[in-house]
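Reviewing the structure listed below.
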Amino acid sequence: MEMKKVPLTKQKWFQVLFWILFIIVAWEVGASVVAVTKRTPENVMPHLYQILAAAFSTKPVSSGMSATMVVLTSARATLLRAFGGFLLGAALGFVFALLMQMSKAVEKMIFPYLMLIQLIPVLGLAPIVLAITGDINKSRIIIAAILSFYPVANNTLAGFKSVSKERYELMATYAAKKYQIYGKVLIPAASPYFFTGLKIAAPLAVTASILVDTLQGDGGLGCMLSQSLKHAMSIYVFWLIVFFSAFVGIFSTYLISFIEFITSPAKRAAWNGRSLEKKHRRAAMKAARKEYRKEKEDGRDLISQTCSENKA
Amino acid sequence: MANAVMERSAQTMDVESKEVEIRVDHLGVTFQDNEGNDVQALTNVNLTVHKGEFVSLLGPSGCGKTTLLRCVADLQEPTEGEIKVGGKTPREIRMAQKFGFVFQQPVLFDWRTVKKNVELPLEMMYQTKERRSKRADEMLEMVGLTNFANHYPGQLSGGMQQRVNIARALGIRPDILLMDEPFSALDEFTKEKLHEDLLRIWSKTNKTILFVTHNIQEAVFLSDRVCVLSPHPGRLSAIVDITLPRPRTLDMRETPEFNELVRQVRDSFEGGSL
Ligand SMILES: Nc1ncnc2c1ncn2[C@@H]1O[C@H](COP(=O)(O)OP(=O)(O)OP(=O)(O)O)[C@@H](O)[C@H]1O
Ligand SMILES: [Mg+2]
C-alpha cells in the first residue's frame, strides 16, 4: 500500500516555525549590524535578548512601575477604547450593509461615499472629533469605530450580494416572506464575509487607538510610546509596545477566527472531517510502514534463501 | 390508502380528464441576447394538464423546457399568452405555497445540514419542530440518505445533493410538483428506485406532476402524456398519450408496447421538428 506523505514544507506548524525563526534570525542580523554602525543602537534595533530582559526586569521606569507594568496598564486603556470602537463600528457596519441591501435608494446614496471615509486620514480627523465630542475617551472610541466601520460594511454587503439568483428563486417558490429571506438566507450567507470584515477591522481599531493616543496624551499605549521615544522613560518601553501591539493585532484576528469557528457548525463539521481524515491517514501510514518493514525482512529472507540455493 | 392505489391504477385517461389544473394558452417567451436581438425561447405553446395527471416535457437541450416550467411556477414572466393554474394566476398559487419545484441544479444551503435543508420549506409553512423533523426523516429515508442527515451539503456527492433537492420538494406535499430534470444526475440504480418512489407517492396523493426530462424512456415510463418540444424557436411539436397500464413496473420497459411508444415519441420528434 502506497501512502502519500505530506511534505514537511507543506505542514502548517513547519511554516509557522519557519517564519518565526526567519524573523528572529533577520532581526538579530540587523541588530548586530546596527550595533556596530550606529551610536545608539537601542533606538534603532536592539537585540531581542535586550528587549526580553527589559520585559522581565523589575526596575521601575516610570512612577514606580516596571516597563512591563507600564505597558500593561496603558494597554488596558487603549485596548478598551479600541474594543469599544470596534464593537460600535462593526455593529454600524452591519446595520448599514443591511440598509443598503434592503433599499436600492439607500445603497445608491451611501455606497459611493463609503469609501471616502477610508480615504480621510484618521490623524487629521482626530482633533476634529475631539472638538466635537469634547471628551478624549469618546473621541478615540469614535475614531476606532470609523475605521472599523468600512471593512465590515463593505464585506457584509458583498456577502449579501453573493446570494445567487437560484437561492432567491427557491425561496420564491416557497412564497417566503422578506424577513424569512433575510433570516434564513441572506444573513447566514453573508456571515463568512462579515467575519472577514471583522478580521480586517480589529487590528485597524487597535492601530487607530494607539496612533490617536500619541496625539492626545492622557495615558494609553501611544502616549507611553511617544514619551519613550522622547527619552522621558526607557526606550525599551517603546520596543515592548511595538511587540505587544503587533501581538494584539495578530491575536485579535485569530480570536475572531476562533469565534467564527465556534459559531458556525458547518465550519466545525468541515474541520472535524479534516482532522478525522488526518487521523485515518496517520493510522494508514503507520500500517503501511509496518508492512514495508515486514516486506523488507521477508525480502532479506528471500535473498538469503536464493543465495543458499545458488550455493547448493 | 391501498384502496386509493387500486382505484388509481384502474383509472384511464378519459375518466381522469375532468378537472383542468394547468392551462397554458398561446404562451410565448422572448429573451434578449447580448446584442439586443430577440431570442424566442418559446412560441405559441398550448397545453392543458389535468388534475392528478403526470405529464412530461421532453426535448433536446435549449428547447425551452426549463423556461416553460418557470412560467408555470411564476418565476418567469411570459412575453405573450397566459397561464392559469386551477383557474388562478401562477402567482396566486405560488403565494399559496402549492408548488413544489425541483431545480435542475440542487440549490442547497451549505450552512444547513442535509436534514435542515429538507426542513427549510416546512419552516416557511410554520410547522412545529417535531413535525418538521419527522417529515424530514421520512423524506431522507425515501431517498436513502438517512445516514447523511447531519452531514453538510459540501460533504455529499452531486447525486446525493440532488436527492436532497428531491426530498425537500416532496417534503412539503405540494399539490403541483414541477420537476426540472430531477434524475439526470443520478446513477441507474438510484434513478430506478426514485422512479418507483415518485410513482408511488403520486398515485397515493393525487398530485399533478409536470416533469422535464431529455430521456425518452424515462418520459414514457413515468407519464400519462409526453409533450415533445422542439428548438429554434421552442415549441410544442407533439403530444403522445402513454397508454401503458398502471401501476407501472420496471419490467414493463421490456415489453413491445413500451418500445413501440418509445419509437412513437422519437418519431414524432424527428418528424415534427429537427
Ligand atoms: N435568462 C435568460 N436570458 C436569455 N436567454 C435565455 C434565458 N433563459 C433561457 N434562455 C434561452 O432560452 C432558450 C431555452 O432555455 P431553457 O433553459 O428553457 O432550455 P432547456 O430546454 O431547459 O435546456 P436544457 O435541457 O439544457 O436544460 C435557450 O436558447 C436559452 O439560451
Ligand atoms: Mg433546463
Side-chain angles (χ1 to χ4, degrees), chain A residues 94 101 155-156 158-198 256-257 259-281, chain B residues 66 69-77 90-127 148-156 164-165 168-169 171-172 174-180:
Chain A
F94 182 82
Q101 173 65 29
N155 277 287
T156 310
F160 290 143
K161 301 272 179 241
S162 76
V163 173
S164 65
K165 189 172 128 256
E166 286 77 23
R167 285 185 172 168
Y168 280 109
E169 287 185 341
L170 181 73
M171 295 305 274
T173 65
Y174 303 142
K177 309 257 189 321
K178 243 204 159 93
Y179 76 90
Q180 291 171 320
I181 296 177
Y182 274 92
K184 293 183 197 295
V185 181
L186 282 166
I187 291 176
S191 160
Y193 292 77
F194 173 69
F195 275 105
T196 302
L198 292 185
I256 290 163
S257 298
I259 293 172
E260 182 182 13
F261 179 77
I262 300 233
T263 52
S264 149
K267 269 214 153 133
R268 271 211 309 278
W271 189 80
N272 284 341
R274 262 206 303 280
S275 60
L276 215 66
E277 197 183 294
K278 256 192 201 157
K279 207 168 121 193
H280 289 161
R281 196 163 52 207
Chain B
T66 299
L69 212 60
R70 286 166 55 84
C71 286
V72 174
D74 185 39
L75 296 175
Q76 170 77 49
E77 198 71 40
R91 172 142 319 149
E92 284 167 322
I93 300 297
R94 175 168 71 80
M95 294 320 279
Q97 301 179 315
K98 295 217 168 114
F99 285 131
F101 201 107
V102 180
F103 285 84
Q104 202 165 352
Q105 262 86 35
V107 187
L108 302 179
F109 297 93
D110 38 5
W111 56 86
R112 282 174 170 255
T113 60
V114 163
K115 187 172 169 185
K116 287 277 174 209
N117 265 288
V118 177
E119 284 185 30
L120 176 76
L122 304 174
E123 291 172 19
M124 240 63 77
M125 299 173 157
Y126 304 104
Q127 293 196 2
F148 291 87
N150 294 320
H151 282 57
Y152 286 85
Q155 302 169 308
L156 302 188
V164 179
N165 191 18
R168 181 174 60 187
I172 59 178
D175 288 354
I176 300 153
L177 191 53
L178 308 169
M179 307 180 91
D180 195 355

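We name chains A, B, ... by the order of the sequence lines, and we start the count at 1 in each one. Quick note: numbers below take in every heavy atom, side chains included, and nothing from hydrogens, waters or symmetry partners.
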Hits for ring-ring contact (aromatic ring centres under 6.0 Å, His included) against A/Phe94, two or more places apart or cross-chain, chain-then-number order -> A/Phe194

Once rounded to the nearest 0.5 Å, what's the spacing between atom CZ of B/Phe99 and atom CG of B/Leu75?
9.0 Å

What pair of heavy atoms forms the shortest contact from A/Val163 to A/Val185, and how long is it?
CG1-CG1, 3.8 Å

Pairwise distance CZ(A/Phe160) to CG(A/Asn155) - rounded to 0.5 angstrom:
11.5 Å

Interface check, chain A: of B/Met124, B/Met125, B/Met95, most non-hydrogen pairs under 4.5 Å belong to B/Met124

Show the pairs of one donor and one acceptor atom, one from chain A and one from chain B, lying under 3.5 Å apart.
from	atom 1	to	atom 2	distance (Å)
A/Arg167	NH2	B/Leu108	O	3.0
A/Glu169	OE1	B/Arg70	NH1	2.7
A/Glu169	OE2	B/Arg70	NH1	3.0
A/Glu169	OE2	B/Arg70	NH2	2.9
A/Ala172	O	B/Arg94	NH1	3.0
A/Tyr174	O	B/Gln97	NE2	2.8
A/Tyr174	OH	B/Arg168	NE	3.3
A/Tyr179	OH	B/Tyr126	OH	2.8
A/Gln180	NE2	B/Tyr126	OH	3.4
A/Lys184	NZ	B/Glu123	OE1	2.8

Please look at B/Phe109 and chain A and tell me whether the side chain, the backbone, both or neither of the residue comes under 4.5 angstrom of a heavy atom of that chain.
both

Which heavy atom of B/Gly100 sits nearest to which heavy atom of B/Ile172, and what is that distance?
CA-CD1, 4.1 Å

Heaviest contributor of heavy-atom pairs below 4.5 Å to chain B, chosen from A/Pro188, A/Pro192, A/Ala189, is A/Pro188

If you take all heavy atoms of B/Ala73 and B/Leu178, which pair is closest and at what distance?
CB-CD1, 3.5 Å

What part of B/Leu108 lies closer than 4.5 angstrom to a heavy atom of chain A: side chain, backbone, both or neither?
backbone

Taking all atoms of both residues into account, what is the closest heavy-atom pair of B/Pro174 and B/Ala169, and its distance?
CD-O, 3.5 Å

Can you confirm whether A/Leu170 sits close enough to B/Phe101 that some side-chain heavy atom of one is under 4.5 Å from a side-chain heavy atom of the other?
no

